[in-house]
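All remarks here apply to the structure that follows.
Count residues from 1 along the sequence.
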Amino acid sequence: MEIRQTTDLNSPIYHDALAIRKTVFVQEQHVPIDLEIENEDKTIHFVGYIGQQPVATTRLLPEAGGYHVQRVAILREHRGHDYGRELFAALEDYARQHDRLTLTLGGQDHALGFYERLGFSRTARPGFLDAGIPHHEMQKKLD
């Protein structure tokens with residue numbers, strides 16, 4: 001999988017990220033569009049491509065000492081092929097290159113096992129609802 005990134009909201013990469021997010025979050029999970037599309041200009045958008053087809057996305061929001069990983073989404077027909085693992089490897093490389101050694105995320109409860117397999121651990125923060133979906137905060141320290 002080739003992973004491309006952008007901060008340009010007019011770029012094809014950003015539009016591919018948005019299309020995946022609309023499919024996964026708005027259509028599949030029924031997240032209201034106004035909750036899904038926020039802080040777009042403050043984040044670095046990543047998209048994974050198989051050939052020329054966008055199949056996975058996430059974004060990083062800079063925060064003190066690290067990045068907050070947001071909007072992790074893989075198109076349904078491409079799940080189960082380790083694309084999420086590849087995407088996170090690219091995020092970790094990017095964070096290290098920018099001297100940010102902490103990744104934090106709010107993981108949907110059904111995906112906590114996936115994040116744990118990637119080395120994330122739950123923080124002390126109690127579980128919470130985001131867009132009506134149960135989440136837990138997780139963090140990974142990079143070396």
Could you go through His81 and Glu86, starting from their C-alpha distance and side-chain angles, then the distance that decides it, and tell me whether this counts as side chain to side chain contact (heavy atoms under 4.5 Å, CB included)?
CA-CA 10 Å; His81 298 284; Glu86 289 182 52; over 6 Å; no
Heavy-atom pair with the smallest gap, counting every atom of [X] and [Y]:
| X | Y | answer |
| --- | --- | --- |
| Val47 | Ala17 | CG2-CB, 3.5 Å |
| Gly107 | Tyr115 | CA-CE1, 3.8 Å |
| Leu87 | Ala56 | CD2-CB, 4.1 Å |

Report the C-alpha separation of Glu28 and Arg79 in whole Å, then their side-chain angles, then the decisive distance to 0.1 Å, and conclude whether the salt bridge (charged side-chain N to carboxylate O under 4.0 Å, His left out) test is met.
CA-CA 14 Å; Glu28 288 181 23; Arg79 294 175 193 156; 2.8 Å; yes
When you look at CD of Gln52, are more than 12 heavy atoms from neighbouring residues, nucleotides or ligands closer to it than 6.0 Å?
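Atom CD in Gln52 is not packed in, count stays at 12 or less.
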Are more than 12 heavy atoms, taken from residues, nucleotides or ligands other than Arg96, located less than 6.0 Å from that residue's CZ atom?
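Correct, the count exceeds 12.
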Tyr94 vs Ile44, test: side chain to side chain contact (heavy atoms under 4.5 Å, CB included). Steps then yes/no.
CA-CA 10 Å; Tyr94 183 90; Ile44 305 119; 3.8 Å; yes
What I'd like to find out is whether the side chain of [X] reaches to under 4.5 Å of the side chain of [Y], using heavy atoms alone.
| X | Y | result |
| --- | --- | --- |
| Val69 | Phe46 | no |
| Lys141 | Leu101 | no |
| Tyr14 | Asp8 | no |
| Glu38 | Arg71 | yes |
| Leu75 | Thr23 | yes |

Carefully, step by step, assess Leu105 and Val72 under the rule side chain to side chain contact (heavy atoms under 4.5 Å, CB included).
CA-CA 10 Å; Leu105 58 84; Val72 178; 5.6 Å; no
List the atom pairs, with distances to 0.1 Å, where a side-chain N or O of residues 116-133 and a protein N or O form a donor-acceptor pair under 3.5 Å, not counting sequence neighbours.
unit_1 : atom_1 : unit_2 : atom_2 : d
Arg117 : NH1    : Gly113 : O      : 3.3
Thr123 : OG1    : Arg125 : N      : 3.3
Thr123 : OG1    : Glu137 : OE1    : 2.8

Is it true that a side-chain atom of [X] and a backbone atom of [Y] form a donor plus acceptor pair closer than 3.5 Å?
| X | Y | answer |
| --- | --- | --- |
| Thr43 | His45 | no |
| Arg100 | Glu63 | yes |
| Thr58 | Gln70 | yes |
| His78 | Ile74 | no |

If two hydrophobic side chains count as joined below 4.5 Å and joins carry through other members, does [X] share a cluster with [Y]?
| X | Y | value |
| --- | --- | --- |
| Leu112 | Phe114 | yes |
| Val24 | Tyr83 | no |
| Met138 | Leu103 | yes |
| Leu18 | Ile13 | no |

Taking atom types as modelled, find out whether His136 and Asp109 have a side-chain donor-acceptor pair closer than 3.5 angstrom.
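Result is yes, a qualifying pair exists.
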Spatial distance of atom [atom1] ([X]) from atom [atom2] ([Y]) [nearest 0.5 Å]:
| X | Y | atom1 | atom2 | value |
| --- | --- | --- | --- | --- |
| Thr57 | Asp16 | OG1 | CG | 8.5 Å |
| Leu142 | Asp93 | CG | CG | 9.5 Å |
| Met1 | Gln53 | CE | CD | 12.0 Å |
| Thr6 | His15 | OG1 | NE2 | 9.5 Å |
| Leu35 | Phe25 | CG | CZ | 12.0 Å |
| Lys42 | Thr7 | NZ | OG1 | 14.5 Å |

Tyr49 six-ring face occupied by Arg4 cation (under 6.0 Å, within 45°):
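Judged by the rule (NZ or CZ under 6.0 Å from the ring centre, within 45° of its axis), Arg4 counts as positioned above Tyr49.
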salt_bridge(Glu40, Arg21) N-O dist < 4.0 Å:
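So Glu40 pairs with Arg21 through a salt bridge.
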With side chain to side chain contact (heavy atoms under 4.5 Å, CB included) as the test, would you mind laying out the steps for Ile33 and Lys22 before giving the verdict?
CA-CA 8 Å; Ile33 191 80; Lys22 284 180 180 177; 3.9 Å; yes
